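Shown next, in structure tokens, is the structure this report addresses.
Predicted model only: the values in this text are computed from it and were never measured. Numbers restart at 1 for each chain; the letters A, B, ... are given by sequence-line order, proteins then strands. Any value given below was found using the heavy atoms of this structure, including those in side chains, with hydrogens, waters and symmetry copies removed.
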Number of protein chains: 2
Amino acid sequence: MVNMDAAELSGKLAAIASPQRMRIIALLSGETLYVSELARRMEMSRALLYMHLTKLEEAGFVAGHLELSDDGKAMKFFEVLPFTLTVNAKTLVKAVAAHTESETI
Amino acid sequence: MVNMDAAELSGKLAAIASPQRMRIIALLSGETLYVSELARRMEMSRALLYMHLTKLEEAGFVAGHLELSDDGKAMKFFEVLPFTLTVNAKTLVKAVAAHTESETI
DNA sequence: ACTACCTGTAATATTTATCTAACAGGTGCA
DNA sequence: TGCACCTGTTAGATAAATATTACAGGTAGT
């Protein structure tokens, strides 16, 4: 994770760049919520929310797990994974270099 | 710049998230190049490159200026501006909060 | 006049991302 | 049985980003 190639870094940045997904992380940061509840707070359809959550999960920003509530309902909770992303010119040069290497060799 | 709202942060992240634009910054980081030369190294049309450069410039990552070469040609040079972007859960919470404030008040 | 460079933009096509609507399946309770 | 919750997915519409093509204009040198 110390050395990310351009594709990976780009994926993470794209995942986090969306205002909607920024809000999702902000909402999940503090309390873990299950999908339907999160959908209500986001005022967003579950289908759409799933799309966003999938992108965030693939990028490694959140993680979801099924839980069985007391009354037997299956509920999918999501939590924010700890992360820190630092980007500057140096970072980008490294990422691009790593990328072209893996492409060429 | 210390406190960015969600829209601004999202704009910067989106600008930097593109693999093409990451390569542009990597190429410009070290030497300033004029558009046509950069287009050759990127193996990309100038029209498309302009689109990318505009986004990078609007986000504040690069700056361009016209220069008159010795033989009278107008040449537009671009350079990378110093920047460091750090994103984590705390950053996002702040950005989102700043956003909803400016929206509501 | 013609070639070889350069900047700059507008119209258009293509590809991707985002969003909506609709469905199937589950549990618990009145 | 019917209502109120929950998860999960797919097909399709809409919006936005990306890329292409084709211009117009400039300087310098052969």
Side-chain angles (χ1 to χ4, degrees), chain A residues 6-25 27-28 31-59 61-79, chain B residues 6-25 27-28 31-59 61-79:
Chain A
E8 189 179 355
L9 181 55
S10 164
K12 283 181 184 290
L13 289 174
I16 211 75
S18 150
Q20 303 278 55
R21 292 193 283 272
M22 284 177 51
R23 258 190 78 213
I24 291 175
I25 292 189
L27 278 176
L28 289 181
E31 52 181 337
T32 72
L33 298 170
Y34 60 95
V35 178
S36 287
E37 175 62 20
L38 182 56
R40 279 189 292 268
R41 301 209 191 173
M42 290 287 297
E43 292 178 316
M44 171 186 289
S45 72
R46 271 186 318 110
L48 180 52
L49 179 56
Y50 264 100
M51 185 273 286
H52 286 303
L53 285 173
T54 302
K55 291 199 175 185
L56 284 175
E57 193 165 32
E58 282 172 350
F61 292 113
V62 305
H65 62 277
L66 266 180
E67 253 179 57
L68 236 54
S69 70
D70 296 335
D71 52 334
K73 281 178 201 153
M75 306 176 84
K76 186 151 196 181
F77 282 86
F78 273 89
E79 61 182 321
Chain B
E8 189 179 354
L9 181 54
S10 165
K12 283 181 184 289
L13 288 173
I16 211 74
S18 151
Q20 303 277 54
R21 291 193 282 272
M22 285 177 52
R23 259 190 76 214
I24 291 175
I25 291 188
L27 279 175
L28 288 181
E31 53 180 336
T32 71
L33 297 170
Y34 60 95
V35 177
S36 287
E37 175 63 21
L38 182 57
R40 278 189 292 267
R41 301 209 191 173
M42 290 287 296
E43 292 179 317
M44 171 186 289
S45 72
R46 270 185 318 112
L48 180 52
L49 179 55
Y50 263 99
M51 185 273 287
H52 286 301
L53 285 173
T54 301
K55 292 200 173 185
L56 285 175
E57 192 166 31
E58 281 172 350
F61 292 113
V62 303
H65 62 275
L66 267 181
E67 253 179 57
L68 237 53
S69 69
D70 295 335
D71 53 335
K73 281 177 200 154
M75 305 175 83
K76 186 151 195 182
F77 282 86
F78 272 89
E79 61 182 321

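The existence of a salt bridge linking A/Glu58 and A/Lys55 is excluded, since no basic side-chain nitrogen approaches an acidic carboxylate oxygen closer than 4.0 Å.
The shortest distance between the side-chain N/O atoms of B/Lys76 and the OP1/OP2 oxygens of C/dC6 is not below 4.0 Å. Note on B/Tyr34: every side-chain N or O is 4.0 Å or more away from OP1 and OP2 of C/dT7. Within the structure, every side-chain polar atom (N or O) of A/Ser45 is placed at least 4.0 Å from both OP1 and OP2 of C/dA21. Residue A/His52 places at least one side-chain N or O closer than 4.0 Å to OP1 or OP2 of C/dC19. For the OP1/OP2 pair of C/dT18 and a distance below 4.0 Å, the side-chain nitrogens and oxygens of A/Lys55 include at least one atom meeting the criterion. Side-chain N/O atoms of A/Arg21 include none lying less than 4.0 angstrom from OP1 or OP2 on C/dA17.
Set against C/dC6, C/dG8, D/dC6, the side chain of B/Arg46 has C/dG8 as its closest nucleotide. Ranking D/dT18, C/dC6, D/dT9 by closeness to the B/Ser36 side chain, first place goes to C/dC6. Checked against C/dA22, D/dT7, D/dT20, the side chain of B/Leu48 finds its nearest nucleotide in D/dT20. In the set C/dC6, C/dT7, D/dT18, C/dT7 carries the atom at the smallest distance from any side-chain atom of B/Leu66.
In this structure, B/His65 atom NE2 and C/dG8 atom P are separated by 12 Å, rounded to whole Å. Whole-Å rounding puts the B/Leu38 CG to C/dC6 C1' distance at 14 Å. The CG-C1' distance, from A/Leu68 to D/dC5, rounds to 14 Å in whole Å. When the C1' atom of D/dT20 is taken as reference, atom CG of B/Leu49 falls 14 Å away, rounded to whole Å. Residue B/Glu67 contributes atom CD, which lies 11 Å from atom P of C/dT7 at whole-angstrom precision. Between the C1' atom of C/dT16 and the CD atom of B/Gln20 lies a distance of 14 Å, rounded to the nearest Å. Rounded to an integer number of Å, the gap from B/Asp70 CG to C/dC5 P is 18 Å. Per the geometry, CG belonging to B/Asp71 stands 12 Å off C1' belonging to D/dG26, to the nearest Å.
Between B/Ser10 and A/Ala17, the shortest heavy-atom contact is OG-O, 2.6 Å. Pairing each heavy atom of A/Arg46 with each of A/Val35, the nearest pair is CG-CG1, 4.1 Å.
Contact annotation for B/Tyr50: base contact, defined as any heavy-atom pair under 4.0 Å involving a base atom. At the heavy-atom level, B/Ala14 lies nowhere under 4.0 Å from the strands shown. B/Lys73 comes within contact range of at least one nucleobase, with a heavy-atom separation under 4.0 Å.
Rounding to the nearest 0.5 Å places CD1 of B/Ile25 at 3.0 Å from CD1 of B/Ile16. Taken to the nearest 0.5 Å, the CG atom of A/Leu38 stands 9.0 Å off from the CZ atom of A/Phe78.
In terms of position along DNA chain C, the nucleotide closest to B/Val35 lies nearer the 5' end than the nucleotide closest to the other residue of the pair A/Met51 and B/Val35. Between B/Ala47 and A/Gly72, the residue anchored nearer the 5' end of DNA chain C, judged by the nucleotide with its closest heavy atom, is B/Ala47.
Between A/His65 and A/Phe77, the ring-plane angle classifies as parallel under the 30° and 60° cut-offs.
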